[in-house]
Peer 1: 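Okay, handing you the structure first.
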Amino acid sequence: MTPRLDAIGVVTSDMAASLAFYRRLGLDLPAEADSAPHVEAALPGGVRLLWDTEEVMRSFDPGWSRPAGGDRVGLAFRCASPAEVDSVYADLVAAGHRGHLEPWDAVWGQRYAVVLDPDGCGVSLFADAP
């Protein structure tokens, strides 16, 4: 058997805040998940996105500590158009999330922006340029 990518994990210090952020990006996450220590969401194509609280991490890895420095894994959300990149970025920033890189036309042919999730992880928004 060949291993296949099945899940991507996010460790969060505040489950409710993290899930609220990702709901704004279109993920269907039930409200009752806000108080859970572990949450899973099925994504198109069968891959799952998982959230665990820092306490869950320490429960099985007592030496675990919050990473310092840059992102270790980046999530990227494809938007339908360059205008949607601008709109989603503006919506997230207006909702109190920190913008990291305002939308710009990247040299590789995409409209691109980066906003930080509640734990400070960069989340890219992009669309193909017309």
Side-chain angles (χ1 to χ4, degrees):
M1 179 178 152
T2 301
R4 68 176 180 84
L5 179 64
D6 180 75
I8 300 165
V10 174
V11 179
T12 181
S13 60
D14 183 336
M15 185 66 78
S18 186
L19 297 182
F21 175 86
Y22 288 98
R23 282 185 191 105
R24 293 187 81 89
L25 288 168
L27 296 183
D28 185 20
L29 302 161
E32 61 270 14
D34 288 359
S35 60
H38 174 83
V39 176
E40 297 188 13
L43 304 175
V47 174
R48 297 172 298 142
L49 187 55
L50 317 174
W51 290 263
D52 287 296
T53 62
E54 292 177 352
E55 292 78 17
V56 166
M57 295 304 293
R58 288 187 199 97
S59 75
F60 63 84
D61 183 357
W64 183 88
S65 63
R66 183 181 297 164
D71 295 338
R72 304 297 194 269
V73 173
L75 299 178
F77 285 75
R78 177 181 289 277
C79 296
S81 67
E84 188 178 34
V85 171
D86 296 356
S87 174
V88 171
Y89 180 89
D91 177 66
L92 289 167
V93 171
H97 300 288
R98 290 181 293 155
H100 181 67
L101 296 173
E102 291 185 7
W104 83 96
D105 295 323
V107 298
W108 54 86
Q110 294 176 327
R111 183 74 171 163
Y112 214 90
V114 179
V115 65
L116 302 180
D117 78 2
D119 292 292
C121 295
V123 176
S124 297
L125 307 170
F126 71 97
D128 294 332

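Just so it is clear, the structure is predicted and the values come from calculations on it, not from any experiment. Below, each value reflects all heavy atoms present in this structure, side chains not excepted, and no hydrogens, waters or symmetry copies.
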Peer 1: Closest approach of V88 and C79, non-hydrogen atoms and distance?
Peer 2: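 Minimum heavy-atom contact is CG2-SG, 4.5 Å.
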Peer 1: Name all residues meeting the side-chain hydrogen bond (donor to acceptor under 3.5 Å, both in side chains) criterion together with D119; count only those two or more places apart in sequence or in a different chain, and write none if there are none.
Peer 2: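 D119 satisfies side-chain hydrogen bond (donor to acceptor under 3.5 Å, both in side chains) with T12, S13 once adjacent residues are dropped.
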Peer 1: So, using side-chain contact (heavy atoms from CB on, under 4.5 Å) as the criterion, who are the partners of D128 when residues are at least two apart?
Peer 2: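 Testing D128 for side-chain contact (heavy atoms from CB on, under 4.5 Å), a comparison that skips the adjacent residues, returns R78, Q110.
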Peer 1: Applying side-chain hydrogen bond (donor to acceptor under 3.5 Å, both in side chains), name anything that partners S81, two or more places apart in sequence or on another chain.
Peer 2: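 Applying side-chain hydrogen bond (donor to acceptor under 3.5 Å, both in side chains) to S81 gives none.
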Peer 1: Give every donor-acceptor pair under 3.5 Å between a side-chain atom in residues 31-40 and any protein atom, sequence neighbours left out.
Peer 2:
from	atom 1	to	atom 2	distance (Å)
D34	OD1	R23	NH1	3.1
D34	OD1	R23	NH2	2.8
H38	ND1	D52	OD1	2.6
H38	NE2	E40	OE2	2.9
E40	OE1	R48	NH1	2.7
E40	OE2	R48	NH1	3.4

Peer 1: Which residues satisfy the ring pair (Phe, Tyr, Trp, His ring centres under 6.0 Å) test with F77, sequence neighbours excluded?
Peer 2: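 Residues passing ring pair (Phe, Tyr, Trp, His ring centres under 6.0 Å) with F77: none at all.
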Peer 1: Going by salt bridge (charged side-chain N to carboxylate O under 4.0 Å, His left out), name the residues that satisfy it together with D14, two or more places apart in sequence or in a different chain.
Peer 2: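 None.
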Peer 1: Quick check: is F126 connected to W108 through a chain of hydrophobic side chains (ILVMFWY, heavy atoms under 4.5 Å apart)?
Peer 2: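 Linked, W108 and F126 end up in one cluster.
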Peer 1: Could you pull out all residues at least two apart from A42 that satisfy side-chain contact (heavy atoms from CB on, under 4.5 Å)?
Peer 2: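 Testing A42 for side-chain contact (heavy atoms from CB on, under 4.5 Å), a comparison that skips the adjacent residues, returns none.
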Peer 1: Is V10 reachable from L25 through a run of I, L, V, M, F, W or Y residues, each pair having side-chain heavy atoms under 4.5 Å apart?
Peer 2: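 Yes, L25 and V10 fall within the same hydrophobic cluster.
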Peer 1: Tell me every residue that passes side-chain hydrogen bond (donor to acceptor under 3.5 Å, both in side chains) with Y89, counting only those two or more places apart in sequence or in another chain.
Peer 2: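 side-chain hydrogen bond (donor to acceptor under 3.5 Å, both in side chains) check on Y89 returns nothing, list empty.
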Peer 1: With sequence neighbours excluded, tell me which residues meet side-chain hydrogen bond (donor to acceptor under 3.5 Å, both in side chains) with R24.
Peer 2: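 side-chain hydrogen bond (donor to acceptor under 3.5 Å, both in side chains) list for R24, sorted by chain: D91.
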Peer 1: Mark yes when over 12 heavy atoms from residues, nucleotides or ligands other than D6 sit less than 6.0 Å from its CG; otherwise mark no.
Peer 2: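 Buried by this count: over 12 neighbours within 6.0 Å.
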Peer 1: Which residue pairs pass the side-chain hydrogen bond (donor to acceptor under 3.5 Å, both in side chains) test when at least one of the two sits in residues 60-69, sequence neighbours left out?
Peer 2: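 Checked against side-chain hydrogen bond (donor to acceptor under 3.5 Å, both in side chains) - neighbours excluded - the pairs reaching residues 60-69 are E54-R66.
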Peer 1: What's the spacing between D117 CG and F21 CZ if we round to 0.5 Å?
Peer 2: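 Here the interatomic distance stands at 5.5 Å.
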Peer 1: Identify each donor-acceptor pair in which a side-chain atom of residues 95-103 lies under 3.5 Å from a protein atom, sequence neighbours left out, and give them as a table.
Peer 2:
none

Peer 1: Between L29 and L92, is there shared hydrophobic-cluster membership here, with clusters defined by ILVMFWY side-chain heavy atoms closer than 4.5 Å?
Peer 2: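 The answer is yes; both residues are in one hydrophobic cluster.
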Peer 1: Hey, any chance V85 and L75 share a hydrophobic cluster, counting ILVMFWY side chains that come within less than 4.5 Å of each other, even indirectly?
Peer 2: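 Yes, same cluster.
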Peer 1: Hey, any chance L125 and I8 share a hydrophobic cluster, counting ILVMFWY side chains that come within less than 4.5 Å of each other, even indirectly?
Peer 2: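 Same hydrophobic cluster.
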Peer 1: S59 side chain to V56 main-chain N or O, any donor-acceptor pair under 3.5 Å?
Peer 2: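 Yes; at least one donor-acceptor contact below 3.5 Å.
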